[in-house]
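Nothing fancy with the numbering, it's 1 onward along the sequence. Predicted, not measured: the structure shown is a model, and the values here were computed from it.
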Amino acid sequence: MKKSHLYLLTGVLFGLNTAVQAIDVTTFRYQGPYAVHCPLMLDSIDINAKTFSDESLLNTSLSLQPVSESKIFSGKHAPVSADDYALHLLRFNLRSRGYTKGRIIVTGLRSYEVLVGGLPVQGEQTFQPGTYLVTVKYLSRGGQRESFKVSVKADHEPLLSVDTDTKRSYSLSDVLDGKRISDVELSSDGQYQITGYRTTEPGGKQYSVWRVVETATGRLLTESSSPLYWVPGHAAYYVEESLKDGVRLVMTDIQTGNQRVLASRLPRDGSFVISPDLKYIVVSRMQEGPAEARDIYQIVEPDDRQPSWRNRNHLSIYKVETGMLQPLTFGYHNVSMEDISADGRYLLVMTSRSRLTKRPTTLYSLIRIDLQEMKAETLVADDGFLAGARFSPDGHSLVVKGSPESFGGVGKNVPDGRIPSMYDYQLYTFDIATHHVTPLTRTFNPSIEQVEWSKADGQIYFTALDKDYCRLFRLSPTDGRIVRMDVPEDMVSEFSLADRSTQMAWYGASASNSDRRYLLDTKSGQSKMVEDLSHDILKDVKLGRCEAWDFVNSRGDTISGRFYLPADFDSAKKYPLIVNYYGGCSPTSRDFETRYPHHVYAAMGYVVYVINPSGAAGFGQEFASRHVATAGQGVADDIIEGTRKFCDTHPYVNAKKIGCIGASYGGFMTQYLQTRTDLFAAAISHAGISDHTSYWGEGYWGYSYSEVSMGDRYPWSDRQLYVNQSPLFNADKIHTPLLFLHGSVDKNVPLGESIQMFNALKLLGRPTALVVVAGQDHHIVDYNKRVKWQNTIFAWFAKYLQDDSAWWDNLYPKVATDE
């Protein structure tokens, strides 16, 4: 808002209730003076016939410097300059602990402009919870001193405070915006590294870059807006270029800069894997299946509802020397590429087929293809519990990732009669000559994620969900010994091994920081940080503490958890509590930026308790198996007991203001919890299952996920699980205000799961709301829709946990109904 001497009095006439007390700002961070000069008067008027006014000097562009580069100023007279004209900046933080509307009022300055977050503002502003950097930019004239006053008025003044701290609170924009690492890959000799980055700008625009750097020095060698990949065995990278006649692969030698076309006229719809000897390229393509009429069509299998189910993946081989592309596999079933042996002779592929009449309903086979003799050998046939496999460096064995029931259950470690979780992944070695299988992780509790068999030292490196961490491990295939690598992050996101050196590149994050990139020497086990993106993301941000908190439940089990505190935490105060738990079967991990960013909730004045109850993978097979065929019974018991004990042992928690939130299986758990307890004052279910029977049949993966969660139980064989344990059939027990959130095109958990439960609570006269996110699937990924979705969550909790409905009423104004 720009003001001149004609408008000095308007600063007090903003139309707010005069009973509202203003917050006077008496201390600022000052920057300046910045001398400005009048233009040379070549004419007396401009093109619009206007005469020059020194007021226009206020429009002079001025780069806003970091607040840390300023000094404290207090006084009634604004700083001036000996120059004829100068610009000055008076800056302060406006902190809002809730949703409110207000105005920033400036009086006494002849020429000024108010900026919030670097943008000019005028009139009434909306302040959501967070920290706003307010800048009063003003123009001084010839050393003339002006007495001034800055104040803030708001609808809910107690929600606001002002200060000159250089730190601000963590916010949703910090979660969504900025640069993150998307992938890392080392060259075969380890001397060079490709790193991919994804940057999101405010508003949601995204772009990606890939950079090649020298590993030892970090020196940037090249940068590309197209993905870059290493050429196997060479200090050269390649890029895929799309031309009129197809895709060509162009490789560039790093040391010489020389380029050559490795392949041309490859299919545009293919993905490519180059052989170690550069003699051939395996091309993976999707073949379209028979199409039905659009208006009236037949569904031949449950999965035929999926648009691409009738398509099948097949492999072709491109010979580099001749440029010939010919089919490698033919058939009805899907074929996926798993690995190429180090000598390039063998391919390892996996096929899949459906078998609906028995669990598991999808069966996988591992096949080794001999490219010299063009023969295929089935190594493992029809095992429904496989998840992937890789060759050993000598090609004589495989390392296989799979569920505990893989290979006839040789890796199973649960009590008799118990079904393991299919998502609790294990490792096996498979001898190709003898077909002997060795379970490597049968008594190892963490659940396997990424796996690589090192060509440099013959060791198997893998990441695994270890409780709420994702850690890095090394396994010796000779004696089965597993060693946890000591790395400085809670969550290892991805790693890459060099084939001919002890170098490993990896990146990760922790509960209280974003992405950092490292180099690790596999011989010494020592990591060195080479890039810290978190430093920029969290610059000037003040975070609260995150601490582990476990408890022993009534069954004698140790249940893992952690909690987050506000940055300005005061143990003498009472804080509302938000409880969050897992969806699916994976633990609620210590990732920093998640669908439910815990530090953001804490910044809004909540204590956040994250619990990993019975059934989560990463705590051992027996613990994970509690997810199966229980429909949430033990899980709910742990959450209720843990929440009560947390409140009992943390007196700063307001036990009458507890909210809970979860998605997918966690959304079901939110609903189910409200049928079991009145502990919670507010609850949120995102994409939650309300009726196990309808979800089982209607979700794209309903019946197949039920193989995980229900084992070998079906709606017709176990009414107790499918009906009695469904929240819908217990809706009359719910009295907690319950918000349902759902994407309109959710293929995993259909929208109807929220609709039917919302209808039930409406008919029962219970407090509830249903918010549908148009065009979104199981996850809310559209930037602007996610912002409103997230604000909906914040507003619901503010309404019921902070007794402030202003935000909710603004997002969703009341609509007249018959009631």
Side-chain angles (χ1 to χ4, degrees), residues 183 185 271-273 282 284 312-315 329 333-342 346-354 360-369 376-393 395-412 420-432 435 437-442 444 446-455 459-465 470 472-475 477 482 492-497 506 584-586 617-618 621 624 701 704 707-708:
D183 58 85
E185 188 179 2
S271 60
F272 317 111
V273 179
V282 178
S284 179
R312 295 293 184 269
N313 198 68
H314 66 92
L315 304 178
T329 64
H333 298 112
N334 267 316
V335 181
S336 63
M337 180 75 180
E338 294 294 309
D339 201 8
I340 302 177
S341 62
Y346 298 101
L347 301 185
L348 182 65
V349 302
M350 181 183 286
T351 64
S352 62
R353 71 179 184 90
S354 176
T361 55
T362 302
L363 300 176
Y364 303 95
S365 296
L366 286 173
I367 298 172
R368 185 179 70 163
I369 299 175
E377 175 189 4
T378 300
L379 303 179
V380 182
D382 290 344
D383 190 322
F385 302 99
L386 303 181
R390 304 295 296 268
F391 280 117
S392 62
H396 296 158
S397 302
L398 306 178
V399 58
V400 181
K401 175 183 172 181
S403 300
E405 295 171 270
S406 301
F407 302 107
V410 66
K412 191 164 65 171
S421 170
M422 291 173 66
Y423 290 170
D424 184 28
Y425 292 114
Q426 308 294 310
L427 276 185
Y428 307 83
T429 51
F430 177 90
D431 185 275
I432 294 176
H435 288 201
V437 177
T438 303
L440 301 173
T441 56
R442 183 176 179 275
F444 179 72
S447 176
I448 310 304
E449 295 279 293
Q450 181 186 354
V451 184
E452 300 290 340
W453 201 326
S454 172
K455 296 180 177 66
Q459 301 292 292
I460 297 173
Y461 293 87
F462 64 90
T463 56
L465 298 176
C470 186
L472 180 65
F473 297 88
R474 178 176 60 214
L475 184 149
I482 299 174
V492 178
S493 301
E494 181 188 7
F495 69 89
S496 173
L497 291 168
W506 68 275
C585 303
S586 299
Q621 288 190 37
W701 302 279
S704 56
E707 294 178 17
V708 180

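Side chains of D382 and R353 form a contact here, defined as non-hydrogen atoms less than 4.5 Å apart. In this structure, F430 and H435 have side chains that are in contact, with non-hydrogen atoms separated by less than 4.5 Å. In this structure, the side chains of I369 and T329 come closer than 4.5 Å at one or more pairs of heavy atoms. Side-chain contact between V451 and R390 is absent, with no heavy atoms from C-beta onward closer than 4.5 Å. Contact check for R312 versus H314: no side-chain heavy atoms found under the 4.5 Å cut-off. Side chains of V708 and S421 form a contact here, defined as non-hydrogen atoms less than 4.5 Å apart. Annotation: side chain of V282 is not in contact with side chain of F272 (no heavy-atom distance under 4.5 Å).
At distances below 3.5 Å, not a single donor-acceptor pair connects side-chain atoms of S352 with backbone N or O atoms of Y364. Side-chain atoms of T351 never come within 3.5 Å of backbone atoms of V335 as a donor-acceptor pair (strictly under, hydrogens ignored). Judged by distance alone, with hydrogens and angles left aside, the side-chain atoms of N313 form no donor-acceptor pair with the main-chain N or O of N334 at under 3.5 Å. E338 places a side-chain N or O within donor-acceptor distance of the main-chain N or O of A389, the cut-off being under 3.5 Å.
The CG atom of L475 lies 8.5 Å from the OG1 atom of T429; values are rounded to the nearest 0.5 Å. Distance check: T441 OG1 to Q426 CD gives 3.5 Å after rounding to the nearest 0.5 Å. Separation of atoms CG (L315) and OG (S271) is listed at 8.5 Å; rounding is to 0.5 Å. Of the inter-residue distances, the one linking F473 atom CZ with T463 atom OG1 reads 9.0 Å to the nearest 0.5 angstrom. Of the inter-residue distances, the one linking D339 atom CG with L366 atom CG reads 11.0 Å to the nearest 0.5 angstrom. Separating the CZ atom in R442 from the CD atom in Q621 is a distance of 7.5 Å, to the nearest 0.5 Å.
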Go through the steps to decide whether I482 and F462 satisfy the test side chain to side chain contact (heavy atoms under 4.5 Å, CB included), and finish with yes or no.
-> CA-CA 10 Å; I482 299 174; F462 64 90; 4.1 Å; yes

Apply the test side chain to side chain contact (heavy atoms under 4.5 Å, CB included) to residues V400 and F407: give CA-CA distance (whole Å), side-chain angles for both, the deciding distance (0.1 Å), then the verdict.
-> CA-CA 10 Å; V400 181; F407 302 107; 4.0 Å; yes

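For A464 against P446, the heavy-atom pair with the smallest separation is CB-CB, 3.6 Å. Taking every heavy atom of both residues into account, Y423 and A617 meet most closely at O-CB, 3.9 Å. The two residues P439 and G411 come nearest to each other via the heavy atoms CB-CA, 3.9 Å. Of all heavy-atom pairs spanning G395 and F391, the tightest one is O-CD2, 4.1 Å. Listed here is the closest heavy atom pair of G402 and Y428: O-CE1, 4.0 Å. Of all non-hydrogen atoms in L386 and M350, the two that sit nearest each other are CB-CE, 4.1 Å.
The salt bridge (charged side-chain N to carboxylate O under 4.0 Å, His left out) search around D431 returns none, not counting sequence neighbours. T378 meets the side chain to side chain contact (heavy atoms under 4.5 Å, CB included) test with I367, A381; sequence neighbours excluded. Residues meeting the salt bridge (charged side-chain N to carboxylate O under 4.0 Å, His left out) test with E449, sequence neighbours left out: none.
Note: F495 and Y461 fail the aromatic proximity criterion, with ring centroids not under 6.0 Å apart.
Applying side chain to side chain contact (heavy atoms under 4.5 Å, CB included) to M422 and the options S406, C585, S403, S704 leaves one that passes, S403.
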